[in-house]
Amino acid sequence: MSIVDLRSDTLTQPTPAMRQAMAEADVGDDVYGEDPTVNRLQEISAAKMGKEAGLFVASGTMGNLVAILAHCDRGDEVILGNLAHSFLHEAGGISAMGSVHSCQIPNRPDGTLKLDDIQAAIRPDDAHFPITRLIVLENTHNRCGGVPLSVEYTHAVAKIAQEQNIRLHLDGARIFNAAAALGVDAKDLVDRADSVTFCLSKGLCAPVGSVICGSRPFITRAHRIRKQLGGGMRQAGILAAAGIVALESMVDRLTEDHARASRLARSLEKIPGITLDPGTPYTNMLYLSLDEDFVSLTGTQVAELLDEMDIKVGVVSERRFRLVTHYWIDDADVERTVDAFSKAFLM
Ligand code: TLP
């Protein structure tokens, strides 16, 4: 029986249509700007985000790093959430590679940063302080449960940024999940931001890659930084071809993943010993905890038992899991997962 892998949507394999497009892709040297497939992917991406230009990069991490370095000089400060992926899970790249200072403010459970906290974090013009250059928001917010941030909220943050002459970058790794959940166009979620990174390799199933979008001068700067980081990828059209299939055929189906995450949640919450986070799932992720009164096993032990039944889940802390639905999870997989959790608790 096949493995049901719910650890992340990063585990998605390319679809048959992607493999075919990759095999047939027209390629050239992208460092010379001559890969027609990369150029097309960048144009389609920019159009989808309503921005002037796009830049194909190796990963979401690289996209955030390149964007932040393109916005900030050494010693500049970026305001971001204490649960932001770019703060927690990107190996400190912005300080290691760019000497960019970070100011973390608490993420609220809905993934937002309090507007007053943002205002208060902006530094006055005083030689004692770093220069506040950038605000980073994450949409959907991964650690806050895959929750989408609304157009209105993003606009409110952008207004603060504009008034204070600060830039706004969106880590939109899953911006299309946010758009699908909110029933809006992804363009509306990014229209007031100076830049956005979105991923082709998560729920959209491409094997590799993300795209940074922004103004043409910004992308020109980002292009040089990508080169400095060793991210010039030559015949990358092989990869971009899958990205084009992702954008053209995988975006509209994301609501199916959200519906399956909901069905999974509704069934799992009936099992004594499982407590779902309030509101979960918002999109394709659900976070749940084991109730000590019912389940004496640790999260790792439960994950091992599930693994023996070919179900893989993410253990995020001692008694807490993350389950992520995606293209390769079907209705039968949802049932197998619920069944496996019930059995694991009886063992
Ligand atoms: N997130 C991964 C892990 O790194 C946690 C996952 O499994 O969810 N921004 C956000 C919001 C992300 O969730 C991720 C990946 C990234 C950026 C980085 O993308 P990659 O993995 O392509 O570097």
Side-chain angles (χ1 to χ4, degrees), residues 5-14 45 55-69 78 80-94 96-97 102 104 107 110-113 136-149 154 169-179 181 186 189-190 193 195-213 226 229-231 233 236 239-240 242-243 246 254 257 261 280-287 303 312-317 320-329:
D5 203 334
L6 293 155
R7 286 174 298 167
S8 181
D9 48 8
T10 60
L11 288 139
T12 47
Q13 301 267 326
S45 300
L55 185 70
F56 185 45
V57 289
S59 65
T61 300
M62 185 181 236
N64 287 333
L65 176 61
V66 167
I68 293 170
L69 299 194
V78 49
L80 38 61
N82 64 336
L83 299 178
H85 193 277
S86 46
F87 174 59
L88 285 181
H89 292 293
E90 297 183 7
I94 59 171
M97 310 294 163
S102 68
Q104 309 98 45
N107 272 114
D110 67 355
T112 62
L113 307 173
V136 174
L137 294 178
E138 185 175 314
N139 198 4
T140 63
H141 200 289
N142 185 344
R143 282 290 295 267
C144 293
V147 60
L149 273 54
T154 311
H169 171 69
L170 297 186
D171 174 357
R174 298 183 180 83
I175 198 75
F176 293 110
N177 293 87
L189 289 169
V190 309
S195 58
V196 58
T197 302
F198 69 84
C199 293
L200 299 160
S201 60
K202 300 193 165 59
L204 301 186
C205 282
V208 177
S210 298
V211 186
I212 311 170
C213 295
R226 185 186 69 173
L229 295 172
M233 290 193 288
L239 301 172
L254 289 173
D257 300 338
T280 197
Y282 302 96
T283 52
N284 66 332
M285 289 182 187
L286 55 116
Y287 280 83
K312 291 186 183 292
V313 297
V315 183
V316 287
S317 62
R320 207 164 137 72
F321 299 109
R322 184 185 72 161
L323 279 61
V324 187
T325 54
H326 51 73
Y327 178 75
W328 297 103
I329 302 295

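Note that ligands are numbered from 1 as they come in the structure, with each ligand's atoms numbered from 1 the same way. The structure presented is a predicted model; accordingly, all values stated were derived computationally and were not measured.
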**Prompt:** Is there a side-chain contact between Val208 and Ser201, using heavy atoms and a 4.5 Å cut-off?
**Reply:** no
**Prompt:** Closer than 4.0 angstrom: is that true for some heavy atom of Met62 and an atom of ligand 1?
**Reply:** no
**Prompt:** What protein heavy atom is closest to atom 9 (N) of ligand 1, reported as residue, atom name and distance in Å?
**Reply:** Asp171 OD2, 2.7 Å
**Message:** Can you report which non-hydrogen protein atom sits closest to atom 11 (C) of ligand 1, along with the distance?
**Reply:** Glu138 OE2, 3.3 Å
**Request:** Pick whichever of His85, Arg143, His89 has a heavy atom sitting closest to atom 4 (O) of ligand 1.
**Result:** His85
**Item:** Protein contact of atom 19 (O) of ligand 1 - nearest heavy atom, named by residue and atom, plus distance
**Value:** Lys202 NZ, 2.8 Å
**Request:** Check whether the side chains of Asn64 and His169 place a donor and an acceptor atom closer than 3.5 Å, and report yes or no.
**Result:** yes
**Request:** Return yes when Arg322 approaches ligand 1 closer than 4.0 angstrom through a heavy atom, no otherwise.
**Result:** yes
**Prompt:** Does His141 approach ligand 1 within less than 4.0 angstrom via side chain, backbone, both or neither, non-hydrogen atoms only?
**Reply:** neither
**Fill in**
For Asn139 and Pro148, the nearest pair of non-hydrogen atoms, with its separation, is OD1-CA, 3.3 Å
**Item:** Side chain to side chain, Asn142 and Glu138, heavy atoms closer than 4.5 Å
**Value:** yes
**Message:** With nothing but distance in play, are any N or O atoms of Arg174 less than 3.5 Å from an N or O of ligand 1?
**Reply:** yes
**atom 7 (O) of ligand 1: nearest protein contact (heavy atom, Å)** = Ser8 OG, 2.7 Å
**Asked** For atom 22 (O) of ligand 1, which protein heavy atom lies nearest, and how many Å away is it?
**Response** Gly60 N, 2.9 Å
**Fill in**
So the atoms of ligand 1 within less than 4.0 Å of a heavy atom of Ser59 turn out to be 22 (O), 23 (O)
**Request:** Report the part of Arg7 in contact with ligand 1, treating N, CA, C, O as backbone and CB onward as side chain, heavy atoms under 4.0 Å; options are side chain, backbone, both, neither.
**Result:** neither
**Asked** What is the nearest protein non-hydrogen atom to atom 23 (O) of ligand 1, stated with its residue, atom name and distance?
**Response** Thr61 OG1, 2.6 Å
**Prompt:** Is ligand 1 less than 4.0 angstrom away from at least one heavy atom of Glu90?
**Reply:** yes
